[in-house]
Enquirer: 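Before we start, here is the structure in question, set down as structure tokens.
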Number of protein chains: 2
Amino acid sequence: MVSIKDIARRAGVSISTVSYALNGNPKVTEETSKRILAVAKELNYVPNAAARTLKKRETRIIGAFLTTFEGAFYGKLLQGMKEEMNKRGYDLVICSGTQSHRMLPEGILDGAIILDRLFSDEELLLHANRGHKLVVLDRELKHDNIVQVLLDNKAGATFAMEYLIRNGHQKLYAVTGPEGSFDSEQRLGAARQTVERGGPLITYKEIPGNFDKASGEAAALRIISEYDGPVGVFCLNDEMAIGMYQALRGTPYRVGEHIHVVGFDHIDITDYVQPRMATIDYSERRWGAVAAEQLIKLVEGDSSAQHERIYVGLVEGESVGPASAGM
Amino acid sequence: MVSIKDIARRAGVSISTVSYALNGNPKVTEETSKRILAVAKELNYVPNAAARTLKKRETRIIGAFLTTFEGAFYGKLLQGMKEEMNKRGYDLVICSGTQSHRMLPEGILDGAIILDRLFSDEELLLHANRGHKLVVLDRELKHDNIVQVLLDNKAGATFAMEYLIRNGHQKLYAVTGPEGSFDSEQRLGAARQTVERGGPLITYKEIPGNFDKASGEAAALRIISEYDGPVGVFCLNDEMAIGMYQALRGTPYRVGEHIHVVGFDHIDITDYVQPRMATIDYSERRWGAVAAEQLIKLVEGDSSAQHERIYVGLVEGESVGPASAGM
DNA sequence: TTGTATGCGTTATCAA
DNA sequence: TTGATAACGCATACAA
């Protein structure tokens, strides 16, 4: 391994001069600097991160923590984060699993973005108390070192339910996400509120789901078994709505005619299915970028770091028609 | 920040004793050790990674490099890697983009697994020459510090093409992956060989694809436009085969009757589509685990580290029927 | 069994 | 403008 000491010897200067030159400090002559840089390149010098970190107490690496690498993978979200980070001179690494949590307190990461319910509130607060900077995307958590960047789930769920009601639907269902999911609970809360405001004629049932295709299929079967006229179904994510489409394919029940469906997330496939699926849209990429931006502010001590909300919108589709259509 | 110095002071011992105690060195008394550990816990001590790394020249962190976080994301592969790594006391982080390459030479990573054609051979060899340990999943590269863990693409492609030929197909197509893709090139090579061995009656065409759904759709249109009897199509990955299914849905051409399709990868959806898709199967998880295992061997200087091949198998499906079916 | 002292590679203070 | 030196937190050879 080649260190600044080697460069110093070779260039006939002291290590401090080398350090200055490598860091572009103007105190050192253009001349010397040039010579030193040349020697550095010649020797294939690469700075040692551990040494630098030990001195400067920063790594310029940010970690994003996920529950798992499998399944729906938030690709655009991570990509949005990465691009924003890189733009600002930070690197992003994706981590998963309890074992990797150590990287935060050990000082390998300058900060972390959390999208992992298995990372407990208590542990996060512990890290925050030790001075580590965090952005949470999956919970509400108050601390000076924690910023929340949350999806506007309530607005989205309200849009979805109002869309069904506006189309005349009075028999409503919601297919939920897994227990403990922040997104699911927020969406569900707003859905219930919208139902309450909808008047006494509305009936509303909740079917427990899991945010996966299988639970959407199961929900479809349950709805069919109870069917006695057109219903409006708010699937709390698109994945389950797709499952519902698939389960209905072999039956006499048609989406947008008998079963009216709204999803959430606007995943790619919703634009291609027949009939086109109504869903709630937001920019995953922007979500990531905003999270990155706020975290870097926190890390750099910029006091303008603050909680952010990611806005959502309704995408209409033929998966929802007037209630009269299925009579 | 609390260091071993603080613990030493508080426990009334020297820092070396603390260091010994924390590292479970039997030289220190049960007594003292207990006291020191208690103090460490009380002060919420966490070792400083930078300092430890500077001394020991290892981080116990491995990086996996991907081209992008978006799109098909090798979830099971990464999960397989992660589990194997964790089992052996290493952490895995996922990286993407040129900027993050620095982590290898700077000593932040003990080794890396490469699945990113944008990481050039030259750069990899450079790192290997500096003593860094690598496992490549996406190319052949010879170096003492590099181990290859490659899918048996040739066997897979051969299985796929032979399956079509065995079913009597003589008009064959291959829909390729993007240019420069190692997997695509290997599969294509084996496909051609199989065709040559298949005899003079066979016609064979290649349609350039991109490993995505859209190019599968495009390929379907092209095949339809040339249609004059049943054809066998080897899509070099499942994604494109799914695209082909979709494009065919609105046409009079049926999969497994007019257009006979084999994919590659055995992604989940191939089991659910109608008709069930024939494809080439392998364990992504195992691929990851084997890569992790070999890399750790390299890192730890175990000379038994060696190139590995991940075996594949044919999954039959109704997407391929006898050639006579579509007459 | 415990303590003293040194060095890992870098940054940064201070003196020359 | 450059050089000598201390310090970051830890591991470890050696001394006590």
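In what follows, chains are A, B, ... by sequence order, proteins preceding strands, each numbered from 1.
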Enquirer: Do A:H127 and A:N145 have side-chain N/O donor and acceptor atoms under 3.5 Å apart?
Expert: no
Enquirer: I'd like to know if A:E58 and A:R52 make a salt bridge, using a cut-off of under 4.0 Å between side-chain N and carboxylate O.
Expert: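 No.
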Enquirer: Reading DNA chain D 5' to 3', which nucleotide is the first, and which the last, to come under 4.0 Å of any heavy atom in chain B?
Expert: D:dC8 to D:dC14
Enquirer: Classify the ring geometry of B:H101 against B:F65: parallel below 30°, tilted from 30° to 60°, perpendicular beyond 60°.
Expert: perpendicular
Enquirer: Quick one: OG1 on B:T67 to CZ on B:R117, what's the gap to the nearest 0.5 Å?
Expert: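 Rounded to the nearest 0.5 Å, the OG1-CZ separation comes out at 9.5 Å.
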Enquirer: Please say which of A:D302, A:V299, A:V147 ends up in a side-chain contact (heavy atoms from CB on, under 4.5 Å) with A:Q294.
Expert: A:V147
Enquirer: Is there a side-chain contact between A:I94 and B:V93 (heavy atoms, below 4.5 Å)?
Expert: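 Heavy-atom side-chain distance check fails, nothing below 4.5 Å.
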Enquirer: Can you name the salt bridge (charged side-chain N to carboxylate O under 4.0 Å, His left out) partners of B:K76, sequence neighbours left out?
Expert: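 If we apply the salt bridge (charged side-chain N to carboxylate O under 4.0 Å, His left out) test to B:K76, skipping adjacent residues, the hits are B:D268.
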Enquirer: Considering every strand and a 4.0 Å limit on heavy-atom distances, what is the contact class for B:T32: base, sugar-phosphate, or nothing?
Expert: sugar-phosphate
Enquirer: Listing request: all salt bridge (Lys or Arg N to Asp or Glu O under 4.0 Å) pairs with a residue in residues 126-144 of chain A, at least two apart in sequence or in separate chains.
Expert: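 Every salt bridge (Lys or Arg N to Asp or Glu O under 4.0 Å) pair that includes a residue of residues 126-144 of chain A, provided the two are not neighbours, is A:D121-A:R139.
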Enquirer: Does the protein touch nucleotides 11-16 of chain C at the base, only the backbone, or not at all? Give it as B, S and - per nucleotide, heavy atoms under 4.0 Å.
Expert: BBBB--
Enquirer: May I have the distance from A:R9 (atom CZ) to C:dG9 (atom C1'), rounded to whole angstrom?
Expert: 13 Å
Enquirer: Relative to the 5' end of DNA chain C, which residue comes earlier, B:V13 or A:N48, by the nucleotide with the nearest heavy atom?
Expert: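 First, find each residue's nearest nucleotide; the 5'-ward one identifies B:V13.
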Enquirer: With sequence neighbours left out, what residues match A:E83 under salt bridge (charged side-chain N to carboxylate O under 4.0 Å, His left out)?
Expert: A:R285
Enquirer: Are side-chain heavy atoms of B:Y45 and B:L22 found at a separation under 4.5 Å?
Expert: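 Result yes, sub-4.5 Å side-chain heavy-atom pair found.
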Enquirer: At under 4.0 Å, does any side-chain N or O of B:T17 touch on OP1 or OP2 of C:dT2?
Expert: no
Enquirer: Could you tell me, to 10°, how much the axis swings from one end of the helix from C:dT1-D:dA16 to C:dA16-D:dT1 to the other, five pairs per end?
Expert: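 Both end axes considered, the difference amounts to 50°.
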